[in-house]
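One structure below.
Side chains included, hydrogens not; waters and symmetry mates left out as well; all remaining heavy atoms used. Because the structure is predicted, anything quoted here is derived from the model rather than measured.
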Amino acid sequence: MNFLEERIMKDGIVKEGNVLKVDSFLNHQMDVALIDEIGAEFARRFAGEKITKVLTIEASGIAIAYAAARAFGVPMVFAKKAKSINIDGDMYSAEVESFTHKNKNMVIVSKKFLSAEDSVLIVDDFLANGCALQGLISITEASGATVAGIGIAIEKGFQYGGRSIRNLGYHLESLAIVESMDPETKTIVFRAQ
Ligand code: 5GP
């Protein structure tokens with residue numbers, strides 16, 4: 001088991017509805033040393049790629065995107081949730097359905113911060129059905145930038161997002177892939193990588 005899988009086993013809580021709670025160390029209270037380690041691990045896994053920017057979506061992707069950007073020495077940009085009436089021609093936008101909140105949000109990135117010269121590492125804390133990633137990919141490609149890679153802290157391998165993103169040919173690296181989890185027995189099984 002790697003450092004993140006060990007931490008999930010220790011402090012992750014399996015909830016009903018295919019939700020894994022990691023709010024004691026990843027997305028509410030944050031273990032900053034662990035988050036730094038996640039950033040360094042992304043830098044190691046994408047060392048062969050040219051990265052000019054790290055892109056994520058607010059709110060819970062921001063910390064790991066910061067750590068990854070720090071490790072690569074490049075700027076970090078996060079897609080902001082916006083009311084659709086606020087969207088003008090200066091923004092790239094995409095509609096993203098939230099897995100945890102079951103609502104839809106427009107997310108926006110200013111055209112000032114992504115361009116055809118950029119080679120982007122997209123990161124997020126979780127990958128479930130892939131809706132957040134599809135939005136970030138579409139914003140990146142609308143700007144003419146290249147998606148150099150996608151780094152995820154925790155992929156739920158029993159949901160279809162990971163398969164569909166890999167089938168599209170993207171270089172996707174997930175530090176922990178949950179193969180199955182059971183809220184009754186509290187068991188979590190990881191995919192061997
Ligand atoms: P997707 O768009 O891939 O369906 O879901 C990814 C987004 O939903 C992530 O940005 C993450 O914030 C949230 N998410 C999905 N599954 C989980 C989960 O099991 N636990 C938590 N805490 N967040 C999740």
Residues Asp31, Asp11; criterion side-chain contact (heavy atoms from CB on, under 4.5 Å); working and verdict: CA-CA 12 Å; Asp31 179 334; Asp11 293 326; over 6 Å; no
Any donor-acceptor N or O pair under 3.5 Å, side chains Asp182, Thr187: no
Just so I know, are the side chains of [X] and [Y] near enough to count as touching, which here means a heavy-atom distance under 4.5 Å?
X	Y	value
Val14	Lys186	no
Lys53	Pro75	yes
Arg7	Leu26	no
Asp125	Val22	no
Thr140	Tyr92	no

Are [X] and [Y] in one and the same hydrophobic cluster, where Ile, Leu, Val, Met, Phe, Trp and Tyr link if side-chain heavy atoms are under 4.5 Å apart?
X	Y	value
Leu114	Met76	no
Phe126	Phe25	yes
Val120	Tyr170	yes
Met1	Ile8	yes
Met181	Ile154	yes

Using modelled atom types only, decide if a donor and an acceptor are shared between the side chain of [X] and the backbone of [Y] within a distance under 3.5 Å.
X	Y	result
Asp88	Asp90	yes
Lys156	Asn18	yes
Asn2	Leu4	yes
Gln159	Leu127	no
Glu6	Phe3	no
Thr56	Val123	yes

Looking at [X], I want to see if its [atom1] is surrounded by more than 12 non-hydrogen atoms of other residues, nucleotides or ligands under 6.0 Å.
X	atom1	result
Lys81	NZ	yes
Gln193	CD	yes
Lys102	NZ	yes
Arg45	CZ	yes
Tyr66	OH	no

side-chain contact (heavy atoms from CB on, under 4.5 Å) evaluation trace for Glu5 with Leu175: CA-CA 8 Å; Glu5 293 167 330; Leu175 306 194; over 6 Å; no
Return the minimal non-hydrogen interatomic distance between [X] and [Y], and the atom names on each side.
X	Y	answer
Val96	Ala132	CG1-CA, 3.7 Å
Gly39	Ala71	O-CB, 3.6 Å
Ala68	Phe42	CB-CD1, 4.1 Å
Leu136	Ala79	CD2-CB, 3.8 Å
Asn129	Tyr160	O-CE1, 3.3 Å
Phe190	Val178	CE2-CG2, 3.9 Å

State the [atom1]-[atom2] distance between [X] and [Y], to the nearest 0.5 angstrom.
X	Y	atom1	atom2	result
Lys50	Leu121	NZ	CG	13.5 Å
Asp118	Ile51	CG	CD1	10.5 Å
Lys104	Glu95	NZ	CD	5.0 Å
Ser143	Lys112	OG	NZ	15.0 Å
Arg70	Ile35	CZ	CD1	14.5 Å
Leu133	Ser138	CG	OG	11.5 Å

Salt bridge Arg191-Glu179, side-chain N to carboxylate O under 4.0 Å: yes
Test: Arg166 and Glu155 ion pair at under 4.0 Å: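 Looking at Glu155 together with Arg166, the answer is yes, because their closest N to O distance falls below 4.0 Å.
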Over-ring placement of Lys111 relative to Phe113, 6.0 Å and 45° cut-offs: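 Output no; distance or angle outside limits.
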